[in-house]
Amino acid sequence: MDITELKGIGAKTAESLNRLSVYTVEDLVGLYPRDYDVYEKPVFINMLNEDYEGSIVAIEGTVAKSPDIYGNGRIKVLSVTVKDENGDAIKCCWYNMIYLKTRLRMGMHYVFRGRFVKKRNAIMLEQPQIFTVADYNAQAGKLMPIYPLTKGLSNKTIVKAVSQALEKYAVGLEKEYIPKDIREKYNLAEHNFAVVNIHFPKTMEEYVQARHRITFEEFFLFVLATLNLKSSKEKIPNTYVINNDKRTDEFILNLPYSLTNAQLRTWNEIKDNMSSEHLTSRLIQGDVGSGKTIIAVLALMNTAFAGYQGSMMVPTEVLAKQQYESISEMFSRYNVNLKVGLLTGSMTAKEKRQAYEDIASGNVDIVIGTHALIQDKVEYKNLALVITDEQHRFGVNQRKRLSEKGDNPHIIVMSATPIPRTLAIILYGDLDISIIDEMPKDRLPIKNCVVDTSYRPNAYRFIENQVKQGRQCYIICPMVEDSENIDTENVLDYTLKLRSEIPGVRIEYLHGKMKSQDKNQVMEKYANHEIDVLVSTTVIEVGVNVPNSTVMMVENAERFGLAQLHQLRGRVGRGGFQSYCIFVAGKKSKKIKDRLEILNKTNDGFKIAEEDLKLRGPGDFFGIRQSGDFDFGLADIFTDSMTLKEASDAAKKLHSVDPELEMEEHKLCKKKVEEYTVKCLEKINL
């Protein structure tokens, strides 16, 4: 059902919703609230401390003085002093809302609900809503959904549209498909209850029940689909027995560095796999900079020396070109007689035709490219090894499509996402796992600091000095554009502000909504040092390898998961220069500071992931998702780690009893798994 069929959704609103990947009413119902506005009990003014700073709070009090009006030009400020029953006072301020003056007469008693801030040692509520005590009590305890927004969309519009979809069309409501024994064992709410109450819970208890059910079913379907893939692979014999080649051993000896023990352990596991009777399906998990790529190169070399072809698929064109140039240069330097080819979407028609011919004829031994490698026109002569870099950027079915280009080739997947091993075993259920948990000895550890927004002027001077020394810097913002609903830095405004703060420095921006061609152009300019400072969203996470980059500054760091922050940090410290990471917290609170301090204390991604899990309690649901690497609509692998384990146990037990889900009571579940496999496991997030 097209989104425009809903009342009140015209072409313009539909276009805005499309930017959130909402095209149908079904997509809309799957657009879960990113947060909830909870109308909590009013607090006493003397309770307000730094933990409340930046948060929405309610104060019940009496207007103690006549309001003041000050300011000129575009902004007029209305200010009034409010006292609570203890006699403590706080200022309430409104911008360009002078008409409220008539309501704010001395002696009037209200509940004021707004953002608590400290300015010039004074405490105040900004833009508070005004309620009578009776009206506020009627709202107290309710959870109002707050949806992801984009330009041209208001939260009110989405609330109305979702209400209509659920009430009038019953979209997303369907027969229960999780078997009764599983629902009872794991205390799962009924599916339709969960769909309605994840959007419009009346109480916190209903929200918790709905969220638990939806996160469970997202993990449950994922694990069942993954188990099906693993089952089909385990029956496949090794078509390409690839033994170790002495020329690969010589290449390792000639490298200007020694492989770490973790790299050697992983390399031995891969060699054993590829020469055994079973097909290789292995994940190499290691921190950014731990040396996964050289292991991939060694596997590709053994494959090519055995007379077969190997391919490596990476998430961006710029990265593909970098890998191609790096491997070609390495082979030239060490006299490795193998031909490397490149295939990306932006190549000219003539270049692509030549690449297709070289691949089909076997003129190239190793092919590096983007998802262009899996297009129908590409035919391989004898593809025996498929490597995908940064697995979370490619859907499982994309790996499958690349595999189908050969006769069941070996598969190696590389990921820098620091996930605790217990979770990785579940999430990468169709793969064996090797972990490179040791960094090369010549790497200078990154120096970190956690600061608040008052540090910005110092940070800008530091960045300016680094640029003068010939270095480059990244600044990460959580949003692309300004939003009236979210108080965070955004890429477009920040770029303009920074250009005025540090004139003479070449500053550009990058974000995911840009056209692929424009993104590639900016990333190439940065890689070629035609840009000094790149202001970006997290799209840079799997961007380019720029050893000259020495500073990573992350604004509103509290809005990112620690695993994601750690991966962003991995964009610097890749060369021989001392590198730095500045985490700027937009909110002052001990909880936020303690969490970010984990990054300050260690550069080990696996330790960070484990600590992040320990810090989080089972009720820590609200706010930004911690891991966006898997295409779950609501579930988060860190916040919901216990649910992930439970769903995995349930799926494995069901799979062992009825692998094909042929029993009558499992028919609906089978249909759901098939739909999920098609829809969710084949996404590409480029």
With Glu438 via salt bridge (charged side-chain N to carboxylate O under 4.0 Å, His left out) - residues at least two apart: none

Residue pair Val546, Arg574: steps toward the side chain to side chain contact (heavy atoms under 4.5 Å, CB included) verdict: CA-CA 7 Å; Val546 184; Arg574 302 170 79 90; over 6 Å; no

Note, Arg456 side chain near Met553 side chain (heavy atom, < 4.5 Å): yes

Rounded distance [0.5 Å steps], OG in Ser549 versus CG in Leu534: 8.5 Å

Spatial distance of atom OG (Ser536) from atom CD1 (Ile475) [nearest 0.5 Å]: 11.0 Å

Sequence neighbours excluded, every pair satisfying side chain to side chain donor-acceptor pair (under 3.5 Å) that has a member inside residues 37-46: Asp37-Arg113

Side chain to side chain donor-acceptor pair (under 3.5 Å) contacts touching residues 81-100 (sequence neighbours left out): Tyr95-Glu126

Aromatic ring pairing Tyr526/Tyr474, orientation class (parallel under 30°, perpendicular over 60°, tilted between): tilted

Under 3.5 Å: donor-acceptor pair, side chain of Asn18, backbone of Val22: yes

Non-neighbouring partners of Tyr580 that pass ring pair (Phe, Tyr, Trp, His ring centres under 6.0 Å), sequence neighbours left out: Phe462

Pairing residues for Glu53 by the salt bridge (charged side-chain N to carboxylate O under 4.0 Å, His left out) criterion, not counting sequence neighbours: none

Polar side-chain atom of Glu558 near backbone of Gly586 as donor-acceptor pair, under 3.5 Å: yes

Residues which pass ring pair (Phe, Tyr, Trp, His ring centres under 6.0 Å) with Phe116, listed by chain and number, not counting sequence neighbours: none

Heavy-atom donor-acceptor pair, Ser579 side chain to Gly573 backbone, under 3.5 Å: yes

Side-chain heavy atoms of Ile582 within contact of Met552, under 4.5 Å: no

Residues which pass salt bridge (charged side-chain N to carboxylate O under 4.0 Å, His left out) with Glu597, listed by chain and number, not counting sequence neighbours: Lys593

Residues that Tyr52 engages under ring pair (Phe, Tyr, Trp, His ring centres under 6.0 Å), provided they are two or more places apart: none

Donor-acceptor contact below 3.5 Å, side chain Asn528 vs main chain Glu524: yes

Working for side chain to side chain contact (heavy atoms under 4.5 Å, CB included), residues Leu596 and Asn600: CA-CA 7 Å; Leu596 293 176; Asn600 208 355; over 6 Å; no

Arg569 side-chain N/O to Asn448 backbone N/O, donor-acceptor pair under 3.5 Å: no

Leu125 and Arg115, any side-chain heavy atoms less than 4.5 Å apart: no

Aromatic contact, Phe131 with Tyr110 (centres under 6.0 Å): no

His511 vs Thr537, side chain to side chain donor-acceptor pair (under 3.5 Å): CA-CA, chis, key distance, verdict: CA-CA 5 Å; His511 58 77; Thr537 57; over 6 Å; no

Any residue meeting salt bridge (charged side-chain N to carboxylate O under 4.0 Å, His left out) with Glu501, in chain and number order, not counting sequence neighbours: none

Set of residues satisfying side-chain hydrogen bond (donor to acceptor under 3.5 Å, both in side chains) with respect to Ser290, sequence neighbours excluded: none

Side chains of Ile476 and Glu555 in contact at under 4.5 Å (non-hydrogen atoms): no

Nearest heavy atoms of Asn490 and Asp493, plus distance in Å: OD1-N, 3.0 Å

Salt-bridge criterion met for Arg499 and Glu508 (N-O under 4.0 Å): yes

Trace of the side chain to side chain contact (heavy atoms under 4.5 Å, CB included) decision for Val584 with Val554: CA-CA 6 Å; Val584 183; Val554 185; over 6 Å; no

Check: Ile507 and Asp532 side chains under 4.5 Å, non-hydrogen atoms: no

Exercise: identify the closest heavy-atom pair between Cys93 and Val77: CB-CG1, 4.3 Å

Closest heavy-atom pair and its distance - Gly61, Phe112: O-CE1, 3.9 Å

From Asp389 atom CG to Met414 atom CE, the distance as rounded to the nearest 0.5 Å: 4.0 Å

Closest non-hydrogen atom pair between His212 and Thr215, with its separation: O-OG1, 3.1 Å

Enclosure of Glu205 CD (heavy-atom neighbours >12, cutoff 6.0 Å): no

Ser16 side chain vs Lys151 backbone, donor-acceptor pair below 3.5 Å: yes

Flag if over 12 foreign heavy atoms under 6.0 Å of CZ, Phe219: yes

Residue pairs passing the salt bridge (charged side-chain N to carboxylate O under 4.0 Å, His left out) test where at least one lies in residues 464-476, sequence neighbours excluded: Arg461-Glu464

Residue pair Lys118 / Met124, side-chain heavy-atom distance below 4.5 Å: no

Tyr147-His199 side chain donor-acceptor pair, cut-off 3.5 Å: yes

Distance, nearest 0.5 Å, that separates CZ of Phe44 from CD of Glu60: 8.5 Å

Test item: Cys473 and Gln466 side chains (from C-beta on) under 4.5 Å apart, heavy atoms: yes

Stepwise side chain to side chain contact (heavy atoms under 4.5 Å, CB included) test for Gln127 and Met97: CA-CA 9 Å; Gln127 299 291 91; Met97 296 174 74; 3.5 Å; yes

Non-neighbouring partners of Ser454 that pass side-chain hydrogen bond (donor to acceptor under 3.5 Å, both in side chains), sequence neighbours left out: Asp452

Nearest atoms (heavy-atom pairs only) where Tyr70 meets Ser79: CE2-CB, 3.8 Å

Val491 to Leu510 - nearest heavy-atom pair and separation: CG1-O, 4.2 Å

Leu634 and Arg211, any side-chain heavy atoms less than 4.5 Å apart: yes

Sidechain-backbone polar pair: Gln472 side chain, Val467 backbone, donor-acceptor under 3.5 Å: no

Atom pair CG/CG of Leu17 and Leu153 - distance to nearest 0.5 Å: 4.5 Å

Separation of Lys497 NZ from Tyr460 OH (nearest 0.5 Å): 4.5 Å

